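Working notes, structure below.
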Amino acid sequence: MQQGLMSELDAVNKILAVAGDAPVQTLEDEYVQAKLARQILHRISRDVQSVGYWFNEEEGVRLLPNIDKYIFLPKNVISCVVLDDNGSVVQRGEQLYDRFNRTYEFKKHVEVKMILMLEWSELPQVARAVIVDKACIQYNNDFFGAQDVKQRLERNEAESMLRLTEEDTQARDVNI
């Protein structure tokens, strides 16, 4: 019986089960379908997290230029928006760029809102559920294609997405 948070191994095995594949014992298993399932899981995780939710957004982060006057972003930043700069400073790859002055050099700090790509172990269960449900749909579409399975998976995904949206709304204390 599983309790608590869904592990990444549990997620991969749930994806494999869509096509009736046998579960694997470790994430390092050499089984090709397990590797493909894990790749899909990571891609879907990035897609879901790129929306930005209460658990992976940080606002009011102060970034300082390095000794060469460049501002590099942490490696796990999906997107970064500079606050109160009229759109002058934008993210370009893994660093900030000043579009108006056409330079990567900064003389002072900037405050940003970041959306972070979190590791599986850092995600709340409600996000894990959405990611796995979406990954199951993708795996079915890519390798199996059963329409009756697809409809069931889409219902599961809609329900888990509703729970994620509800929890995000509650965590943000949004008034409707």
Side-chain angles (χ1 to χ4, degrees), residues 1-59 61 72-81 90-97 112-172 174:
M1 183 168 108
Q2 296 176 359
Q3 295 181 351
L5 298 172
M6 180 189 318
S7 71
E8 187 174 356
L9 179 61
D10 293 336
V12 168
N13 284 329
K14 185 174 179 182
I15 295 166
L16 290 173
V18 167
D21 290 328
V24 293
Q25 299 302 311
T26 72
L27 291 172
E28 289 73 37
D29 197 292
E30 293 299 315
Y31 181 49
V32 173
Q33 290 306 113
K35 288 182 177 188
L36 292 171
R38 193 168 185 208
Q39 288 173 357
I40 290 170
L41 184 70
H42 288 179
R43 187 176 64 245
I44 299 294
S45 182
R46 182 179 300 109
D47 291 347
V48 169
Q49 290 187 57
S50 69
V51 172
Y53 294 97
W54 84 97
F55 60 84
N56 72 331
E57 287 183 345
E58 293 189 13
E59 193 163 336
V61 177
F72 288 95
L73 301 171
K75 296 290 184 197
N76 67 331
V77 171
I78 296 173
S79 72
C80 180
V81 176
V90 296
Q91 175 183 354
R92 285 206 177 157
E94 295 179 346
Q95 67 186 101
L96 296 183
Y97 177 76
V112 299
K113 174 184 174 183
M114 296 187 296
I115 296 176
L116 305 174
M117 173 68 183
L118 302 180
E119 295 293 325
W120 187 263
S121 61
E122 299 174 291
L123 296 173
Q125 178 57 37
V126 68
R128 294 177 192 202
V130 167
I131 292 164
V132 170
D133 287 344
K134 287 179 176 290
C136 285
I137 292 170
Q138 188 67 56
Y139 188 80
N140 180 63
N141 290 347
D142 289 353
F143 302 108
F144 194 50
Q147 288 302 309
D148 58 326
V149 172
K150 181 179 180 182
Q151 290 172 352
R152 178 178 49 82
L153 294 173
E154 287 174 344
R155 280 193 305 275
N156 291 348
E157 187 266 340
E159 290 172 11
S160 62
M161 193 66 209
L162 179 62
R163 285 191 296 278
L164 176 62
T165 302
E166 287 173 349
E167 198 160 323
D168 187 58
T169 302
Q170 288 175 355
R172 294 176 190 273
V174 176

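It should be emphasised that the depicted structure is a prediction, and the values quoted were computed from it without experimental measurement.
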Item to check | Heavy-atom side-chain proximity of Gln95 to Leu73 below 4.5 angstrom | outcome: no
Checklist entry - Are Val90 and Leu96 close enough that some pair of their side-chain heavy atoms sits under 4.5 Å apart? => result no
Item to check | Residue pairs, two or more places apart or on separate chains, that pass side chain to side chain donor-acceptor pair (under 3.5 Å) and touch residues 23-33 | outcome: Asp21-Tyr31, Glu30-Lys35, Gln33-Tyr139
Item to check | Test item: Glu166 and Thr169 side chains (from C-beta on) under 4.5 Å apart, heavy atoms | outcome: no
Item to check | Gln91 side chain vs Cys80 backbone, donor-acceptor pair below 3.5 Å | outcome: yes
Next on the checklist: Checking Arg128 against Asp10 for the salt bridge (Lys or Arg N to Asp or Glu O under 4.0 Å) test, could you report, in this order, the C-alpha distance in whole Å, the side-chain angles of both residues, the deciding distance, and whether it holds?
Outcome noted: CA-CA 11 Å; Arg128 294 177 192 202; Asp10 293 336; over 6 Å; no
Checklist entry - How long is the span from the OG atom in Ser79 to the CD atom in Gln49, to the nearest 0.5 Å? => result 11.5 Å
Checklist entry - Hey, what do you get for CD (Glu154) to NZ (Lys134), rounding to the nearest 0.5 Å? => result 10.0 Å
Checklist entry - Can you find a heavy atom in the side chain of Glu167 that is under 4.5 Å from one in the side chain of Gln125? => result no
Checklist entry - Of the non-hydrogen atoms in Val12 and Ala37, which two are nearest, and what is the gap between them? => result CG1-CB, 4.2 Å
Could you give the side-chain donor-acceptor pairs of residues 112-124 under 3.5 Å, partners two or more places apart or in another chain?
from: Trp120; atom 1: NE1; to: Met6; atom 2: O; distance (Å): 3.0
from: Glu122; atom 1: OE1; to: Glu119; atom 2: N; distance (Å): 2.8

Next on the checklist: Donor-acceptor pair, distance only, cut-off 3.5 Å: does the side chain of Asp168 make one with the backbone of Trp54?
Outcome noted: yes
Item to check | Test: Asp148 and Arg152 ion pair at under 4.0 Å | outcome: no
Item to check | Separation between SG of Cys136 and CD1 of Ile44, rounded to the nearest 0.5 Å | outcome: 10.0 Å
Item to check | Rounded distance [0.5 Å steps], CD1 in Ile40 versus OG in Ser45 | outcome: 13.5 Å
Next on the checklist: Please check this pair: side chain of Thr165 against backbone of Met161, looking for a donor-acceptor N/O pair closer than 3.5 Å.
Outcome noted: yes
Checklist outcome for this item: Taken to the nearest 0.5 Å, the spacing of Ser50 OG from Asn56 CG works out to 9.0 Å
